[in-house]
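Index from 1, following the sequence.
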Amino acid sequence: MAPPMEPDLGLSSAGRVLSIQSHTVHGYVGNKAAVLPLQLLGFDVDPVNSVQFSNHTGYATVKGDVLDGEQLWALIEGLQANDLLHYTHLLTGYIGSVSFLETILRVVEKLRTVNPNLIYVCDPVMGDDGEFYVNPELVPVYREKFQWQQCLHQIILKRNNSLVVGDAEGKIGSIETEAEALAACIDLHAAGPSKVVITSLSIDNMLTIVGSHVQSRGKSPEQFKIAVPKLHSYFTGTGDLMTALLLGWSHKFPDDLDKAAELAVSSLQAVLNNTIANRSKTGASPEPKPEQLELRLVQSVDDIRSPAARFPAVKL
């Protein structure tokens, strides 16, 4: 018996995203922080969980499993066998091993055979707050093996002191000033990506986001910054959420990275303020428990779907 026909509601998807990130049963990091916001912004999302943990590593105990490169490729082969590799975007976040990262390269190549205009949004999560917490062997893979010249529609998000491209000797440079951030953007543009966003730069007790967009080859990039006040709490998953928001708003404003970043930052700040407000209701303490700082995504759907742009971009 044939299934009933679905009514045509005249609705269209903004695109389909293959999101390869971590997953937690409880809380909002990795795919748990990215899928819902992307869906609210109109995307279909197919998540691949690079790890599946009970909770994030800020808790006392973590249990779960890690996906390896062969398992990832088996999933891709299954999708291909059913002609399901039609993606407009690929999103990758935290990657824990060299073999898995090299498989990501194969995934990029495979997806581009189906859609040469695939937009790859790469967030090479390597460190935070001055701490480098991934295997150092990942760095040369990002720097040397990623085919940046073939991936011209990328947004590369860099956390604090993680600089993939590095200098001529292959060292990882730190980003501590606005000038260093702008120079890093130029280096990354030279490697291929047309859009670069550097997040979480601490300047004058403010968090500064620096963005850079080359509209066409041979032209100087359009650069900007957005400053937001620091919140005196440590949240997990904010970078993953920011990446997803930037993907979503950059799709809606492909020629205006300033506008996309303004909306992404405004949504993120609203989610954090909602999380802080909920923490106050549950009894704030000098050292809140990890569960008190889990992002309040479901309670922030309006702020994600229709944010009020409260943090303007300043052109540089």
Side-chain angles (χ1 to χ4, degrees), residues 9 11-59 64 67 75 79 84 87-95 119-123 125 155 157 159 197 199 231 233-253 260-279 281-282 290-310:
L9 301 178
L11 301 177
S12 60
S13 169
R16 182 172 291 276
V17 181
L18 179 63
S19 180
I20 305 175
Q21 300 194 68
S22 58
H23 170 85
T24 57
V25 176
H26 177 83
Y28 294 93
V29 300
N31 272 330
K32 284 285 290 289
V35 172
L36 176 61
L38 286 170
Q39 290 172 331
L40 291 172
L41 293 176
F43 291 85
D44 289 304
V45 187
D46 291 350
V48 174
N49 299 326
S50 57
V51 304
Q52 179 154 285
F53 289 161
S54 55
N55 40 264
H56 67 68
T57 55
Y59 289 82
L67 197 72
L75 294 174
L79 292 170
L84 297 175
Y87 293 102
T88 58
H89 298 76
L90 170 65
L91 170 60
T92 61
Y94 172 80
I95 294 170
I119 297 174
Y120 178 19
V121 180
C122 176
D123 184 2
V125 183
I155 303 170
L157 288 108
R159 309 283 181 83
V197 177
T199 65
L231 299 175
S233 293
Y234 182 82
F235 303 93
T236 304
T238 53
D240 307 317
L241 174 57
M242 180 67 175
T243 308
L245 293 169
L246 271 170
L247 186 163
W249 289 113
S250 293
H251 178 78
K252 294 178 183 294
F253 299 99
E262 287 178 347
L263 294 169
V265 168
S266 296
S267 278
L268 175 59
Q269 290 298 305
V271 171
L272 296 182
N273 286 321
N274 291 340
T275 304
I276 291 173
N278 179 71
R279 177 194 161 197
K281 293 177 183 177
T282 58
E291 56 265 32
Q292 291 179 300
L293 295 176
E294 293 286 5
L295 299 179
R296 301 282 284 177
L297 284 190
V298 174
Q299 296 77 12
S300 305
V301 292
D302 292 337
D303 296 306
I304 294 170
R305 188 185 290 115
S306 303
R310 297 176 49 235

| CG/Leu18 to CG/Asp44 distance, rounded to the nearest 0.5 angstrom? | 12.5 Å

| said: Could you tell me if the side chain of Asn49 sits less than 4.5 Å from the side chain of Leu67, heavy atoms only? | reply: no

| remark: His23 meets the ring-ring contact (aromatic ring centres under 6.0 Å, His included) criterion, sequence neighbours left out, with none

| request: Could you go through the side chain to side chain contact (heavy atoms under 4.5 Å, CB included) check for Val265 and Leu245 one step at a time? | output: CA-CA 8 Å; Val265 168; Leu245 293 169; over 6 Å; no

| request: Assess the pair His56 and Tyr59: is the distance between their ring centroids shorter than 6.0 Å? | output: yes

| request: For residues Tyr120 and Leu90, report the shortest heavy-atom separation together with the two atoms involved. | output: CD1-O, 3.3 Å

| task | To the nearest 0.5 angstrom, please state how far the OG1 atom of Thr236 sits from the CG atom of Leu295. | result | 8.0 Å

| N/O donor-acceptor pair under 3.5 Å between Ser266 side chain and Glu262 backbone | yes

| Residue pair Pro47 / Val35: nearest heavy atoms and the distance that separates them | CB-CG2, 4.1 Å

| message | Rounded to the nearest 0.5 Å, what separates atom NE2 in His89 from atom CG in Leu38? | response | 9.0 Å

| field | Euclidean distance, Leu91 CG relative to Leu247 CG, rounded to 0.5 Å | value | 6.0 Å

| Do the side chains of Phe253 and Leu263 get nearer than 4.5 Å, heavy atoms only? | yes

| request: Might you point out which heavy atoms bring Tyr87 and Asp46 nearest each other, and give the distance in Å? | output: OH-OD2, 2.7 Å

| If we only count heavy atoms from C-beta on, is the Val29 to Tyr94 side-chain gap below 4.5 Å? | no

| query | Do any N or O atoms from the side chain of Ser267 and from the backbone of Asp303 form a donor-acceptor pair under 3.5 angstrom? | reply | yes

| request: Check whether any side-chain N or O of Thr275 sits under 3.5 Å from a backbone N or O of Arg296 as a donor-acceptor pair, and report yes or no. | output: yes

| request: Drop me the distance from Glu291's CD to His26's NE2, to the nearest 0.5 angstrom. | output: 6.5 Å

| Which pair of non-hydrogen atoms, one from Lys252 and one from Leu41, has the smallest distance, and what is that distance? | NZ-O, 3.4 Å

| Is Asn55 reaching over with its side chain to a backbone N or O of Gly27, donor-acceptor style, under 3.5 angstrom? | no

| remark: Rounding to 0.5 Å, atoms CG (Leu297) and CG (Leu40) come to a distance of 9.0 Å

| said: Please give me the minimum heavy-atom distance between Phe235 and Leu293, naming the atom from each residue. | reply: CD2-O, 3.7 Å

| remark: Correct closest heavy-atom pair for Trp249 and Pro307 would be CZ2-CD, 3.4 Å

| request: Answer yes or no: is there a donor N or O on one side and an acceptor on the other, between the side chain of Asp240 and the main chain of Gly30, under 3.5 Å? | output: yes

| Side chain proximity check, Leu268 to Thr238, heavy atoms < 4.5 angstrom | yes

| query | For Ser22, does its backbone N or O pair with a side-chain atom of Ser50 as donor and acceptor, under 3.5 Å? | reply | yes

